[in-house]
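One structure below.
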There are 2 protein chains.
Amino acid sequence: MDHSCTVYKTMDYLAKKWTIMILLELHKGREWKRFSELKASMKDITPKVLSSRLKELEDEGLVENRMDSTAFPVRSEYRLTESGKDLMNVIHDIKMWALRWKIQNEPCKHLDCRLCVL
Amino acid sequence: MDHSCTVYKTMDYLAKKWTIMILLELHKGREWKRFSELKASMKDITPKVLSSRLKELEDEGLVENRMDSTAFPVRSEYRLTESGKDLMNVIHDIKMWALRWKIQNEPCKHLDCRLCVL
DNA sequence: CGGTATCCTTTCGGATACTG
DNA sequence: CAGTATCCGAAAGGATACCG
C-alpha cells in the first residue's frame with residue numbers, strides 16, 4: 001500500500017471512528033466549540049479519542065484551536081478552517097452519492113436525515 | 001457512534017486498507033479483471049485481503065463478479081457496477097479537494113499523479 | 001487459478017483514573 | 001475544564017500453507 005497517495009491519506013483519517021461526527025459538530029451552529037461541548041454532543045466518545053481526533057484534524061489543517069490559558073479553568077475552543085469547511089462540500093457529495101444509489105438504506109437515526117447539515 | 005449514518009457507513013468501507021486501490025485498478029483499462037490480475041497489479045496485497053475487499057464491494061453493490069466454472073482453472077472476473085463508476089467521480093472530488101488545499105503534499109509515488117485516472 | 005484456513009502481530013479504541 | 005496516562009480486549013491485516 002502506498003501512503004503517498006493523497007486520496008488514500010485523506011480517506012485514512014476521515015474514516016477513523018468519530019472523525020466525521022466531530023467535523024459535523026463543528027460545522028453546526030456557532031463557530032467556536034469547546035472541548036467539553038463537543039464531548040457532550042457526542043454521546044459515548046471518550047476524551048482520549050476526542051483529543052486524538054482533534055489533534056489529527058489540526059495536523060491536517062482542517063481544524064484550528066484557540067486557548068485562553070489566563071482563564072481558569074483554561075478555555076480551549078475549536079473550529080473548522082477554510083479547508084475544513086470546503087471538505088464539508090465533499091462530504092455532502094458522498095451523501096448525495098449514497099442517496100442516489102442506496103435509496104433502500106434506512107434513514108440515519110442519530111440525526112434527522114432531513115435536518116442533517118451535511 | 002451511530003452506524004445508521006449513510007455517510008459514515010460509506011466512509012467505513014471506502015477507507016479500509018486497499019479498497020481505493022482496488023477500485024482504481026478496476027477503473028483502469030478493460031472492464032473485466034481477473035483475481036490474479038488484480039493481485040499482480042497491487043504489490044503486497046494478500047489474497048485474503050483482496051478476497052475480503054472484493055466481497056465487501058460486491059455486498060455494497062460497487063463491484064460485480066462473473067465466473068466460468070466450466071473452465072479449468074475456474075475463471076473469475078470483476079468489474080465496477082454503475083454505482084461503482086459513479087463513485088469514482090466522488091473520489092475525484094476528494095482528490096480535487098486535496099489538490100486545492102494540500103499543494104505542499106508530495107505527488108503520489110505509486111502512480112504518476114498526472115496519469116492517475118482519478 | 002481462485003480462493004480459504006490458520007496463526008500471529010499490531011493497532012485501535014473503550015474504560016477509568018488522574019492532574020494542572 | 002481540558003485534557004493525559006494506563007490498562008485491556010477486540011479487530012484488522014500480514015504471512016503462509018493448503019485445497020478443489
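Order of the sequence lines sets the chain letters (A, B, ...), proteins ahead of strands, with each chain counted from 1.
Between B:Tyr13 and D:dA12 there is no side-chain polar atom (N or O) within less than 4.0 angstrom of OP1 or OP2. The side chain of B:Ser36 places an N or O atom within less than 4.0 Å of a non-bridging phosphate oxygen (OP1 or OP2) of C:dG2. Contact annotation: A:Ser51 side-chain N/O to D:dT4 OP1/OP2 distance is under 4.0 Å. A close approach under 4.0 Å does occur between a side-chain nitrogen or oxygen of A:Arg34 and OP1 or OP2 of D:dA2. Considering only side-chain N and O atoms, A:Ser76 lies under 4.0 angstrom from the phosphate OP1 or OP2 of D:dG3.
Nearest nucleotide to the B:Pro73 side chain, out of D:dT4, C:dG14, C:dC1: C:dC1.
Side-chain contact check for B:Val49 versus B:Arg53: some heavy-atom pair is nearer than 4.5 Å. Looking at B:Leu50 and B:Leu38, their side chains come closer than 4.5 Å, going by heavy atoms from C-beta outward.
Only at 4.0 angstrom or more do the heavy atoms of residues 63-71 of chain B sit from any atom of DNA chain C, so none qualifies.
Checking side-chain atoms of B:Lys95 against main-chain N and O of B:Val90 turns up no donor-acceptor pair under 3.5 Å. Not a single donor-acceptor pair under 3.5 Å links the side chain of B:Ser83 to the backbone N or O of A:Trp101.
At a cut-off of 3.5 angstrom, the base of C:dG3 holds no donor-acceptor pair with the side chain of B:Lys48.
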